Amino acid sequence: MIPRQLEKTYDPKQVEERWYRFWTERGYFHASVDHPGEPYSIVIPPPNVTGSLHIGHALNNSLQDMLIRWRRMQGRNALWMPGMDHAGIATQNVVERQLIAEGSSREALGREAFIARIWEWKAKSGGTILQQLKRLGASCDWDRLRFTMDEGLSKAVREVFVRLYEEGLIYRGERLINWCPFCLTALSDIEVEHEETKGKLYHIKYPLADDPSRFLTVATTRPETMLGDTAVAVHPDDPRYRDLIGRNVRLPLTSREIPIVGDPILVDREFGTGAVKITPAHDFNDFEAGERHHLPRLKILDPHARLDPTGLQTAAVEQPIIDEVQLLPVAMARPKIEHALQSRGLLVAVEDHKMAVGKCYRSKTVVEPYLSPQWFVKIQPLADPAIRAVEDGRVRLIPEGWTNNYLGWMREIKDWCISRQIWWGHQIPAWYCRSCQSEAILPAADGSKSFTITSAAKPIVSRTAPTHCPDCGTHDFIRDPDVLDTWFSSALWPFSTLGWPDQTPEYKTFYPTSTLVTGLDILFFWVARMIMMGLKFTGDVPFRDVYIHALVRDAEGQKMSKSKGNVIDPLSVMDQYGTDALRFTLASMASPGRDIKLTEERIEGYRNFANKIWNAARFILMNLEDSHENAPPQEPAFADRWMLSRLNRAISEVNAALQRYRFDQAAEALYQFIWHEYCDWYLELIKPALQDRQSLTASHTRRMLVESFETILRLLHPFMPFLSEEIWQALPLKTRFEDSLMIQPYPRSRPEWEDKEIEAAFDILTRFTTTVRAGRSLLNYPPGKQLSLYGDSKNRDTSE
RNA sequence: GGGCGGAUAGCUCAGCCGGGAGAGCGCUGCCCUUACAAGGCAGAGGUCACAGGUUCGAUCCCUGUUCCGCCUACCA
């Protein structure tokens, strides 16, 4: 049976799929609640159902798999919980685009049929990423695969929503929110990406109502919104304007007069002209100022961010102006307004101005502040415990440098807008009685079947559809059409996937989870909210450690994106260099505090490393005898003792590094030891001893070779699972071990292997011995002190 | 505007508690030495961004400057 004939170069294609199937068929990935080991659990950051594997996923999931495989080999009851996210807007957009290509639309289909269509799509082409994760070697417990729209998870969502509502931590109200005019839905603050943009600052003269010869000049970046102004603010202590407070200005282009108010919060005397227009319905600051001064809110934009004719009428805009700008998108209306002001001599100046423009993180459309009835989570009562949990170390952020970021953000956190005006997602469990709330339920302006539920409507929030109205007893309801922010269900992920709200054995065993591995980009979207929800509903933190890894960038340090054409596709990397090479590369580059600039050369280098190991295996297999080795134990030779001492050091370093999430250091230690110590020196040094195959020395050396190499393979396995398994299976160890490397014990450091004297002697020798060949004669001396290397099986490093 | 991180060999980066300047790739020279040319051996290559300070001694600690990147923010 041995030596086995192996090819000169390692060919991952021959290997990977075979072993992955082997592992799954034997159920090695399955974590049982009955397992005697101490639980170790990780929930996967659920990839979008629309997603396909990009390099960031590859990094994120490789690291998780390393942790899981390491812990599993240590004897822990290791669960890696896999799943997918329904990804509300992203998924809806995908299917909607298909419909449009077919000449249809979601409106034409209607809500139910549209949702059915998405499920259909999901069944057919959703979740390709899961197959790709398998190629990566991910040892997830696939039996437990969850989806955020599962019945179980939906139940958790309803439970949380209803309980928060009943406690007054969820409310509905008309507020100014971030609105995407393309997606036609509300967004939360963190779904808006700010981008520095060159804009203009327009200085506009507003004539005083009682003295048209005098003007107040305001500065604005958005002149078109002036049509919705309901006041002008100045600083109450500003001597230039103090006397004007309380008087009115005539708002140009309209027939309205609006008051001049004093507002020290809104107005910075130094900026612009020291006078600010107030447009409460279309600007966040102005909204708040409007509340302070009890100003009306005039909404002049429609949901598409076009000038709304009805709104303009209400705002008493002059008819010729209405005719000119109605139904124009804001960007097109702006020059018209600018021109109108200019022709009346009211435009004093236009200067360049830098500003941050908010864009939708999905569609990249410019986001509008928009007044509409929405649902909110009152966040402060949830944030406080989440702040404390990090402050007192119950949740540890790694690297800890992010802790301050987290705390800073959490202390400034604002209420979370959780309603979205889309169809795909968890529909809000709120109903309205048609008979007693009829005044608050308005038919939609566009004449469609839909309707608008004003903020005055009184919702009935319930886990299931209500049977009768508690107020009037009738049973004619409409359900709130909104769905929840995708991140609402994600926030429950660590416990909803384990069966909560039921007290399942899985929940009791694996919650709180041990480690969360995530990128910085979703620290606030996701991590912070999981901590808040976890503490609120389970009374415990959702995870102990949060390992935050870097972003993967291209060789120029640019964020990878399809539009830039600079993506490194992990799938083609795996095709070309093998999964193990990719995994090892990502591990080696995962040093904290720096983004990863991935280059193909680096991957190639670790492909070579895999090949090096492969050839070391060939060398060992070529030297083995067909018969079993039955030589009596003998003390190891000088070279053996040196190698064992170094191996022991590598074992310590790898374990310590993994313990601290220093994947880069673990990879470095493995690389150094295996290549430059084990291969470059040890394998060379023992060659003479192997020459006389019949000799006792050769027999002992062979045994030492197999033993040490087997340990190396176990040490390597979390990083290069496929290669290590392939080689391990070829080694003649079956009589002693079970059938897969991945359930073998992970090496632990063995103090009796440490031998500082030998190491020092070796260092001195190699300083004067420039070639391996010369070193050989010196180092292959007979053994010095006795070492019980083989011992009996009890002494193996199998014990926990 | 506030905060964080980075600047070390041609390139990509590592350097944990202050004392040796390192790795991979690339480059040069010699080797198909019976595991591996995706390899071996030998080598060249650095004012550790800049300016001060602390110290017997600074890539490392402190201050400031410059340049990059990221996060965050309502200056109209």
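These numbers were taken from a predicted model, which means no experiment stands behind them. Chain A is the first sequence line, chain B the second, and so forth, proteins listed ahead of strands; every chain is numbered from 1. Computation of the quantities below employed the complete heavy-atom set of this structure, encompassing side-chain atoms and omitting hydrogens, waters and symmetry-equivalent molecules.
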Worksheet item: Once you round it to whole Å, what is the distance between P of rG40(B) and CG of Leu683(A)?
Response: 12 Å
Item to complete: Examine distances only and state if a side-chain atom of Arg334(A) and a backbone atom of Val330(A) form a donor-acceptor pair shorter than 3.5 Å.
Response: no
Discussion item. Suppose we call a contact any N or O donor and acceptor under 3.5 Å apart; does that hold for the side chain of Lys612(A) and the base of rC36(B)?
Written reply: yes
Worksheet, complete the sentence: Sorted by position of nearest nucleotide on RNA chain B, 5' first, the leading residue of Phe619(A) and Gln665(A) is Gln665(A)
Worksheet item: Base, sugar-phosphate, or nothing: which does Arg662(A) touch, judged by heavy atoms less than 4.0 Å apart?
Response: sugar-phosphate
Worksheet entry | Any Lys687(A) side-chain nitrogen or oxygen under 4.0 Å from OP1 or OP2 of rA35(B) | yes
Practice prompt. Could you tell me whether Asn405(A) contacts a base, only the sugar-phosphate backbone, or nothing, with contacts defined as non-hydrogen atoms closer than 4.0 Å?
Written response: sugar-phosphate
Fill in: Phosphate contact (rA38(B) OP1 or OP2) by Lys8(A) side-chain N/O below 4.0 Å
no
Worksheet item: Salt bridge or not for Glu291(A) and Arg175(A), using N-O below 4.0 Å?
Response: no
Worksheet entry | Span that lies between the P atom of rC16(B) and that of rG29(B), in whole angstrom | 36 Å
Worksheet item: So, His203(A) side chain and Thr273(A) main chain: donor-acceptor pair closer than 3.5 Å or not?
Response: no
Worksheet item: For the rings on Phe609(A) and Phe719(A), is their centre-to-centre separation under 6.0 Å?
Response: no
Worksheet item: With rounding to whole Å, what would you report as the distance between rC50(B) and rC67(B) at their P atoms?
Response: 16 Å
Worksheet item: Partners of Tyr671(A) by side chain to side chain donor-acceptor pair (under 3.5 Å), sequence neighbours excluded?
Response: none
Practice prompt. Look at all strands and tell whether Val218(A) reaches a base, only sugar-phosphate, or nothing, counting heavy atoms closer than 4.0 Å.
Written response: nothing
Practice prompt. For Asp664(A) and Ser588(A), work out which heavy atoms get closest and say how close.
Written response: CB-O, 3.4 Å
Response to the item:
Sorted by chain and residue number, the side chain to side chain donor-acceptor pair (under 3.5 Å) partners of Trp416(A) (sequence neighbours excluded) come out as Asp485(A)
Worksheet item: rC71(B) P sits how many Å from Leu397(A) CG, rounded?
Response: 18 Å
Short heteroatom pairs, N/O only, protein and nucleotides 59-61 of chain B, under 3.5 Å:
none

Response to the item:
Out of rC36(B), rU72(B), rC74(B), minimum distance to the side chain of Asn615(A) belongs to rC36(B)
Discussion item. Just confirming the chi classification of rC17(B), syn or anti, using 90° around 0 as the syn window.
Written reply: syn
Worksheet item: Which of these passes side-chain contact (heavy atoms from CB on, under 4.5 Å) with Val261(A): Leu266(A), Ile278(A), Val276(A), Val267(A)?
Response: Ile278(A)
Discussion item. Applying side chain to side chain donor-acceptor pair (under 3.5 Å), can you list everything that pairs with Glu391(A), at least two apart in sequence or on another chain?
Written reply: Arg411(A)
Shorter than 3.5 Å, N or O on both sides, protein versus nucleotides 23-30 of chain B: list them out with atom names.
none

Response to the item:
Against the side chain of Asp680(A), the closest entry in rC36(B), rG40(B), rC71(B) is rG40(B)
Worksheet item: To the nearest Å, how far apart are Phe525(A) CZ and rC71(B) C1'?
Response: 13 Å
Worksheet item: Is there a donor-acceptor contact under 3.5 Å from the side chain of His54(A) to the main chain of Gly56(A)?
Response: yes
Worksheet item: Of the nucleotides rG15(B), rA35(B), rC74(B), which has the atom closest to the Cys679(A) side chain?
Response: rA35(B)
Discussion item. Between rG45(B) and rC31(B), how far apart are the two C1' atoms, rounded to whole Å?
Written reply: 23 Å
Worksheet item: Given atom OH of Tyr678(A) and atom P of rC36(B), what is their separation to the nearest angstrom?
Response: 16 Å
Worksheet item: Could you give the CH2-to-P distance, from Trp681(A) to rA35(B), as a whole number of Å?
Response: 17 Å
Item to complete: Could you work out which one of rU72(B), rA76(B), rA35(B) sits closest to the side chain of Arg618(A)?
Response: rA35(B)
Worksheet item: When you compare rG20(B) with rG57(B), how far apart are their C1' atoms, in angstrom units rounded to a whole number?
Response: 14 Å
Worksheet item: Roughly how far apart, to the nearest Å, are rG3(B) and rU8(B) at atom P?
Response: 25 Å
Worksheet item: Any donor-acceptor pair under 3.5 Å linking the side chain of Gln672(A) with the backbone of Ala669(A)?
Response: no
Practice prompt. Give Gly358(A) one of three labels, base, sugar-phosphate or nothing, depending on what nucleic acid heavy atoms sit under 4.0 Å from its own.
Written response: nothing
Discussion item. Just to verify, which of Ile613(A), Ile727(A), Thr579(A) counts as forming a side-chain contact (heavy atoms from CB on, under 4.5 Å) with Met720(A)?
Written reply: Ile613(A)
Worksheet item: Hey, does Leu266(A) reach any base, or is it just sugar-phosphate, or nothing, if we go heavy atoms under 4.0 Å?
Response: base
Worksheet item: Taking CG from Leu685(A) and P from rG40(B), how many angstroms apart are they, rounded to a whole number?
Response: 15 Å
Fill in: 5' priority, RNA chain B, between His194(A) and Thr9(A) [closest heavy atom]
Thr9(A)
Worksheet item: Over how many whole Å does the gap from Ile265(A) atom CD1 to rC74(B) atom P extend?
Response: 15 Å
Worksheet item: Arg607(A) side chain: which of rC41(B), rA76(B), rA38(B) is closest?
Response: rA38(B)
Worksheet entry | Asn648(A) side chain to Ser749(A) backbone, donor-acceptor under 3.5 Å | no
Worksheet item: Of all the nucleotides listed (rC36(B), rC71(B), rA76(B)), which has the minimum atom distance to the side chain of Asn611(A)?
Response: rC36(B)
Worksheet item: When rounded to the nearest Å, what value does the distance between P atoms of rC13(B) and rG6(B) take?
Response: 13 Å
Worksheet entry | Base-pairing string, 5' to 3', of RNA chain B - Watson-Crick or wobble, under 3.5 Å, | interstrand | (((((((..((((.....[..)))).(((((.......))))).....(((((..]....))))))))))))....
Worksheet item: Do Glu759(A) and Arg649(A) meet the salt-bridge criterion of a basic N to acidic O distance under 4.0 Å?
Response: yes
Worksheet entry | Same-atom distance (C1') from rG18(B) to rA73(B), integer angstrom | 39 Å
Practice prompt. Using the C1' atom as the reference point in each nucleotide, state the distance between rG26(B) and rG19(B) in Å, no decimals.
Written response: 32 Å
Discussion item. Using whole Å, what does the distance between atom C1' of nucleotide rG3(B) and atom CZ of Phe524(A) come to?
Written reply: 11 Å
Fill in: Backbone N/O of Leu371(A) and side chain of Lys299(A): donor-acceptor pair under 3.5 Å
yes
